[in-house]
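Letters go in sequence order (proteins before strands), and every chain restarts at 1. Just so you know, these numbers come straight off a predicted model, no measurement behind them.
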There are 2 protein chains.
Amino acid sequence: MNSFLQRLAAGGYRITPQRRLILEVLQQGARHQTAEDICASLQQKEPNISLGTVYRNLNILISLGLVTGVDFKDGRIRYELNDSHHHHLVCLNCGNTVEFPGCNLEETLGDIIGRTRFKITGHILEVFGYCRACQEPDGR
Amino acid sequence: MNSFLQRLAAGGYRITPQRRLILEVLQQGARHQTAEDICASLQQKEPNISLGTVYRNLNILISLGLVTGVDFKDGRIRYELNDSHHHHLVCLNCGNTVEFPGCNLEETLGDIIGRTRFKITGHILEVFGYCRACQEPDGR
DNA sequence: GCTATAATTAATAACCGTTCTTATTTAGGA
DNA sequence: TCCTAAATAAGAACGGTTATTAATTATAGC
Ligand SMILES: [Mn+2]
Ligand SMILES: [Mn+2]
Ligand SMILES: [Zn+2]
Ligand SMILES: [Zn+2]
């Protein structure tokens, strides 16, 4: 069985067709889909699936650490499997993104954070700009 | 005259009592206030000020680069004067924050970004965790 | 200083992504 | 196969933010 489904069950959650489909879309569909995107995909196979079900289960998956939500500053959350830690370069015009891995942020900030005695649980980092295709000749 | 007011005027905007007061609260009040916090402060001096006016003007101030909005993951935007570039350590329990300056993120990411040919306009970085007072003995 | 007028405001409705409610259905253990 | 707590579909509610509009006002030009 899919290891994501195993982890759902290990968390005390039931394996429902809706949850199988949500994980399927996250694994095989496009990256960085909104809840509505995901719901629309699911409805092709299962027309009666509800947007509320998608949100509820995405939040469960996030709480289990299987999924992460990212904010590209357009007013809606994008969801992706929580595989390898990375961040994004986001084009403010067309919305295209470039992922960049190799984040050493928490070690870089180690000294500053150490002095605060905070117990760190995570961080968000997104870089914004204009991709090559969206840059005007005048440099915007 | 206040240099922020000068920059407002230079941007083609009128100097209204409401705008004076908003800048006053941002300069002299607490950091990281929500629009509602700011509105409540203003209403002590000017009872009829409208929340819409606060939002509209905050967005103008942001577009002029005088103010920045930050997201502490509690569903509302916090506003602060755009003085020196910095980021935050945010306690997920009590909401307390620590600011840390000295961000060299864009030079650190220079190589990666350079290859993408993006024209960078900014970035967001927030670190989350639990402050010392909010950490349980068991380490949460 | 006055006036004309476009900018701004107060009040309030609308928006919209997300969460909540509830009656019904269902996954999974006994 | 049953039982029951968990999950779902449908749709209402929520809450932060934005849009609308009639009235007010800052300011440029005289
Ligand atoms: Mn990603
Ligand atoms: Mn700050
Ligand atoms: Zn990172
Ligand atoms: Zn920075």
Grab the [atom1]-[atom2] distance between [X] and [N] for me, whole Å please.
X	N	atom1	atom2	answer
B:D71	C:dT18	CG	P	12 Å
B:L42	C:dA11	CG	P	14 Å
A:R78	C:dG17	CZ	P	11 Å
B:L21	C:dA10	CG	P	10 Å
A:I38	C:dT18	CD1	P	11 Å
B:Q43	C:dT9	CD	P	14 Å
A:R56	C:dT25	CZ	P	16 Å
B:L58	C:dT9	CG	C1'	15 Å

- request: Report the relative orientation of the aromatic rings in B:F100 and B:H87; use parallel for angles under 30°, tilted for 30 to 60°, perpendicular for over 60°.
  value: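 The arrangement is tilted - the two ring planes meet at 30° to 60°.
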
task: Using the six-membered ring wherever Trp is involved, compare the ring planes of B:H88 and B:H32 and label them parallel, tilted or perpendicular (cut-offs 30° and 60°).
output: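 Perpendicular: the ring planes of B:H88 and B:H32 meet at over 60°.
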
Using only side-chain N and O atoms of [X], determine if any of them is under 4.0 Å from OP1 or OP2 of [N].
X	N	answer
B:R76	D:dG15	no
A:Q18	C:dT26	no
B:T16	D:dT25	no
A:N57	D:dT8	yes
A:R14	D:dA5	no

- prompt: With a non-hydrogen cut-off below 4.0 angstrom, is B:P17 in contact with a base, only sugar-phosphate, or nothing?
  reply: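 The residue B:P17 makes sugar-phosphate contact but no base contact.
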
Would you tell me whether [X] and [Y] have side-chain atoms, one donor and one acceptor, within less than 3.5 Å of each other?
X	Y	answer
A:N2	A:Q27	yes
B:E106	B:H85	no
A:Q135	A:N93	no

message: For A:H123 and B:F128: C-alpha separation, side-chain torsions, deciding distance, then whether ring-ring contact (aromatic ring centres under 6.0 Å, His included) applies.
response: CA-CA 6 Å; A:H123 62 262; B:F128 297 94; 9.3 Å; no

Nearest to the side chain of [X] - [options]?
X	options	value
A:T53	D:dA9, D:dT25, C:dA11	D:dA9
A:Y13	C:dT19, D:dA9, D:dA7	D:dA7
A:E36	C:dG28, C:dT8, C:dG17	C:dG17
B:Y55	D:dG16, D:dT8, C:dT19	D:dG16
B:L51	D:dG16, D:dT17, D:dT8	D:dT17
A:I15	C:dG28, D:dT18, C:dT19	C:dG28
A:N48	D:dT18, C:dT12, D:dA10	D:dA10

task: Would you mind reading off the bend of the helix from C:dG1-D:dC30 to C:dA30-D:dT1 from its two end axes, five pairs each, to 10 degrees?
output: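 If I round to tens, the end axes sit 40° apart.
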
- prompt: Does B:G75 or B:G52 map to a spot on DNA chain D nearer the 5' end, using the closest nucleotide for each?
  reply: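 Final value for this comparison: B:G75.
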
- prompt: Taking side chain as C-beta onward, heavy atoms only, is B:L58 less than 4.5 Å from B:L26?
  reply: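 Yes, at least one pair of side-chain atoms sits under 4.5 Å.
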
- prompt: With a 4.0 Å cut-off, would you call A:D37 and A:R76 a salt bridge?
  reply: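 No, no charged N to carboxylate O under 4.0 Å.
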
task: Decide yes or no, distance alone: a donor-acceptor N/O pair under 3.5 angstrom between the base of D:dA7 and the side-chain of A:R19.
output: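 Result: no qualifying N/O pair found.
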
